[in-house]
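One structure is given here, and the rest of the page talks about it.
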Amino acid sequence: MKDLLRTSDLSRDDIELLLQTAAEFAENPLRSRTALANQSVAIYMTKPSTRTRLASETAVAHLGGTPIFIRGDELQLGRGETIADTAKIISGYCSALIIRTYAQADVDELGANASIPVINALTDDDHPTQLLADWLTIRENFGTDIAGRKFVYLGDGNNMSHSWLIMGAIMGAHVVAATPEGAWAPDATVVETAKKIAAHTGGKVEVLHDPEVAAKDASVLYTDVWMSMGDSESEREAKVLALSPFAVNENLIALTNKESIFMHCLPAHRGEEVAASVIDGARSVIWREAYHRRTTIQALLFHLTKGDLKGSKH
Ligand code: CP
Ligand code: NVA
């Protein structure tokens, strides 16, 4: 496996290795401080980022490398240079490329033309690095025995909902996306892929449209912003109306099991997709989850640049 272009690129074994290494980096961030010595990693983002950018830059630094952050408007790519040419140029200077942008097809094209690992740091379709942090946090709370547990995402059927379903399916978990029907439901092809994966892993994938049915006895309630980067402001009113019943509040938490946790990839909008009392309350694990963005990206860079990951044919 050269690249991490989408969550479904990962095999269960790859994830186990990454989570194990990330847990070690959480204990000692500097345990592999020469892994990227004398090497550089390009981080190119055409969308804003707080966590992923800082996690990536600090991960590279902790591995002894030099991060090169490039804003979307700073490459000749914006002036008509092709993705293929850009990929070849960056491959000549850097050991990996971390990319956040809109179209998944652009990330795929970079991966196909770069000789170095390309890591998807969020597209309109997928957010694979987030899910590594999420699953390390889930592990820390529930261990490896997830039988009988239900992992529920509530809200927009967006990139996060896709990654949630695919990752849960690979892990053999019972995963749910509870979203409105129609325009803000997860992409049908992604749901189909997740179900196919779950058929092999013993997982269970459900798309529900009733937030209370979804929350009942859940071990995790997860949510994300209602307006994603790149969403059209013209749809805000209708979208907020459709998503309102999926807001994570105390009533939904009361339906979950006794040891349930609340998760959010952040940034959060208190009073919209989640009540302040929930995200700032005792069940919330958001700070640990955000912390693991760095430990897991560090693990990913460590193993991907060494060629340790096998990938999957999902
Ligand atoms: N969760 C996440 O990706 O956050 P940023 O957009 O701040 O990177
Ligand atoms: N769905 C959100 C996730 C942010 C981390 C977005 O794409 O903006």
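All ligand and atom numbering here is 1-based and tracks the order in the structure. Just so you know, residue 1 is the first one in the sequence shown, and it goes up from there.
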Can you tell me how the ring of Phe151 sits relative to the ring of Trp135, calling it parallel under 30°, perpendicular over 60° and tilted otherwise? tilted
Consider only side-chain N and O atoms of Ser277 and Glu250, and report whether a donor and an acceptor are under 3.5 Å apart. yes
Over all atoms of both residues, closest heavy-atom pair of Val176 and Leu165: C-CD2, 4.0 Å
Below 4.0 Å from ligand 2: does a non-hydrogen atom of Leu266 turn up there or not? yes
Using a 4.5 Å cut-off on heavy atoms from C-beta on, say whether the side chain of Met167 contacts that of Gln130. no
For Thr52, which of Glu57, Arg294, Arg293, Lys47 qualifies under side-chain hydrogen bond (donor to acceptor under 3.5 Å, both in side chains)? Arg293
If you measure every N or O of Arg53 against every N or O of ligand 1, does any of those distances drop under 3.5 Å? no
With only distance considered, is Asp224 within less than 3.5 Å of ligand 2 through an N or O on each side? yes
Can you figure out which of Ala55, Ser228, Pro48, Cys265 has its heavy atom closest to atom 1 (N) of ligand 1? Cys265
Lys47 touching ligand 1 at heavy-atom level, < 4.0 angstrom: no
For atom 4 (O) of ligand 1, which protein heavy atom lies nearest, and how many Å away is it? Arg51 NE, 2.9 Å
Would Glu212 and Lys216 count as a salt bridge (charged side-chain N to carboxylate O under 4.0 Å, His left out) here? Give the steps. CA-CA 6 Å; Glu212 295 188 359; Lys216 180 124 184 41; over 6 Å; no
Regarding Gln20 and Glu16, is there a side-chain donor-to-acceptor distance under 3.5 Å anywhere? no
Could you tell me whether His127 and ligand 2 have an N or O pair separated by under 3.5 Å? no
Less than 4.5 Å apart, side chain to side chain, heavy atoms only: is that true for Asp134 and Glu289? yes
Does NZ or CZ of Arg31 come closer than 6.0 Å to the centre of the six-membered ring of Phe25, within 45° of the ring's axis? yes
Have a look at ligand 2 and work out which part of Asp124, if any, has a heavy atom under 4.0 Å from it: side chain, backbone, both or neither. neither
Show the numbers, then the answer: is there a salt bridge (charged side-chain N to carboxylate O under 4.0 Å, His left out) between Glu233 and Arg236? CA-CA 5 Å; Glu233 277 302 313; Arg236 178 184 285 273; 2.8 Å; yes
Among Asp108, Thr193, Val107, exactly one meets side-chain contact (heavy atoms from CB on, under 4.5 Å) together with Arg6. Which residue is that? Asp108
Asn159 heavy atoms within 4.0 Å reach ligand 2 at atoms 1 (N), 2 (C), 6 (C), 7 (O)
Distance filter under 4.0 Å to His127 heavy atoms, resulting ligand 1 atoms: 2 (C), 3 (O)
Identify the protein heavy atom lying closest to atom 7 (O) of ligand 1, giving its residue, its atom name and the separation to 0.1 Å. Thr50 N, 2.7 Å
Which bit of Leu266 gets closer than 4.0 Å to ligand 1, counting heavy atoms only: side chain, backbone, both or neither? backbone
How far is atom 6 (C) of ligand 2 from the closest protein heavy atom, and which atom is that? Ser228 OG, 3.3 Å
Where is the nearest protein heavy atom to atom 6 (O) of ligand 1: which residue, which atom, and how far? Arg100 NH1, 2.8 Å
Return the residue, atom name and 0.1 Å-rounded distance of the protein heavy atom closest to atom 2 (C) of ligand 1. Arg293 NH1, 3.3 Å
Using a 3.5 Å cut-off on N or O atoms only, is Met229 in polar contact with ligand 2? yes
Contact (N/O only, under 3.5 Å) between Pro267 and ligand 1: no
For ligand 2, find out whether one of its N or O atoms is nearer than 3.5 Å to an N or O atom of Lys47. no
Counting from 1, what ligand 2 atoms have a heavy atom of Leu122 closer than 4.0 Å? 3 (C), 4 (C), 5 (C), 7 (O)
